[in-house]
Amino acid sequence: MVKRAFCTTISFLFFIITCLALFSTPAAADAINLNYANFPPAPTFPCVQMERWKVEVEKRTNNQVAINTFPGGTLLEAKGMMDGVIAGQADIGTICMAYQPGRFIITNATSLPLGIPDAKTGSMALLKLYEKYKPKAFEEVVVLAMFTNAPGNVMSMVPVRTLEDIRGLDLRASGGAAQILKAWGANPVGMPMPATVEALQKGTVKGLFSSLEVMKDFKFAENCKFVTMTETVIYPFSVIMNKSKFNSLPPDVQKVMMDMKEEQSLWTGAYMDEQIKKAIAWSKESNNVEFISLSAEEKARWDAKLEFITQDWIKDATEKGLPAEEIIKDIRAYIQ
Ligand code: DTR
């Protein structure tokens, strides 16, 4: 009798252990490890969205994957990101397309002065554009998300109230934004965002042109006591994955990632827009930054200087065999 009860208990325990092994989430050691590289420092928005994606993917795949994140260029730097992911040096990476203007012609069209009002709208327009045209530039990777920052403003050590004030001013920008500064008469100095910290401290640049969350995230408000509200042009970003690594993943994991593409893009746009509000409040309160609004008349002068940029892009892209007019029409429609 005792022996029978003992056997039943043992069988029951065996059953429980088997169930646990079959249905529980795998231990970290069993998980598929993926390395995710990012170029700016951890508190900035491209890295915040990376951490959010990591948490969600691990949760939604029941920890079938474990994502190791590398912010701050510790695995791959800004300009080597795309090729690094293609070569498999990282499985996943975040790229800022403006840093390689000639490589991402179609998606970089979102950084023309077309009036994208905020990051949420920009992110959706960019993703739709990508989905429609599936540009060749992304042929060797799998796109996991697309998002933009908010429109750019001039952050500077000296006040910029008129076009005359910006003339000859050394301001950091890259990609399409550099072209904008040039059209306004400034002297654009190209470098990725992380390099701007030292350039401002050393005084090699007198300010920068970008979205305002950097006033707080990079503490630029400590150097730049003036912001001129131009609300002009965004920068497109993408999260990309090594294609063969993606193809090697179980189908249910692939599905989790693909199902998150639009959600993650939207989440990042909305997060960015919130950060802008916080950074403006923080810059005013903690660093006494002056925010300069341009009068309607003055703004019209600034906008007039940019009119040729989209026309030039259309001409150039058409010569390269791209449906340039249609791309611009689509972006304008997506913004609506
Ligand atoms: N404006 C682009 C992109 C950008 C905006 N905020 C951040 C933060 C961290 C890295 C890049 C960006 C730029 O100026 O580089």
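One-based numbering, in listed order, for ligands and for the atoms of each. Just so it is clear, the model here is predicted, and its values are computed rather than measured.
- Between Phe138 atom CZ and Tyr130 atom OH the span is 7.0 Å, to the nearest 0.5 Å.
- Donor-acceptor pairing under 3.5 Å is recorded for the side chains of Thr94 and Asn38.
- Looking only at heavy atoms of the protein, atom 4 (C) of ligand 1 is closest to Phe237 CZ, 3.7 Å.
- Residue-level proximity to ligand 1 for Val214 is carried by the side chain, the only part with a heavy atom below 4.0 angstrom.
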I would like to know whether Asn153 and Thr228 meet side-chain contact (heavy atoms from CB on, under 4.5 Å); could you show each step before the answer? CA-CA 6 Å; Asn153 294 295; Thr228 307; over 6 Å; no
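- Side-chain contact of Asp118 with Thr121: a donor-acceptor pair under 3.5 Å is present, judged by distance alone.
- Any N or O atom pair closer than 3.5 Å counts here, and Thr44 shares no such pair with ligand 1.
- In this structure, the protein non-hydrogen atom closest to atom 14 (O) of ligand 1 is Arg172 NH1, 2.5 Å.
- A ring-centre distance under 6.0 Å is not found for Phe237 and Phe104.
- Close contacts of ligand 1 with Ser211, meaning ligand atoms under 4.0 Å from a residue heavy atom, involve 5 (C), 6 (N).
- Outside the 6.0 Å centre-distance limit, the rings of Phe291 and Phe226 are not counted as a close aromatic pair.
- Considering only non-hydrogen protein atoms, atom 15 (O) of ligand 1 sits nearest to Tyr99 OH, 2.4 Å.
- Every atom of ligand 1 is numbered from 1 in the order shown, and the set under 4.0 Å from a heavy atom of Asn149 is 1 (N), 5 (C).
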Between Val158 and Leu169, is the side-chain contact (heavy atoms from CB on, under 4.5 Å) condition met? List the steps. CA-CA 9 Å; Val158 292; Leu169 199 61; 3.8 Å; yes
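- Closest to atom 1 (N) of ligand 1, if we only count protein heavy atoms, is Ser210 OG, 2.6 Å.
- Shortest contact from atom 9 (C) of ligand 1 to any protein heavy atom: Pro40 CB, 3.7 Å.
- Of all atoms in ligand 1, listed by their number and element, those nearer than 4.0 Å to a heavy atom of Glu213 are 5 (C), 6 (N), 7 (C), 8 (C).
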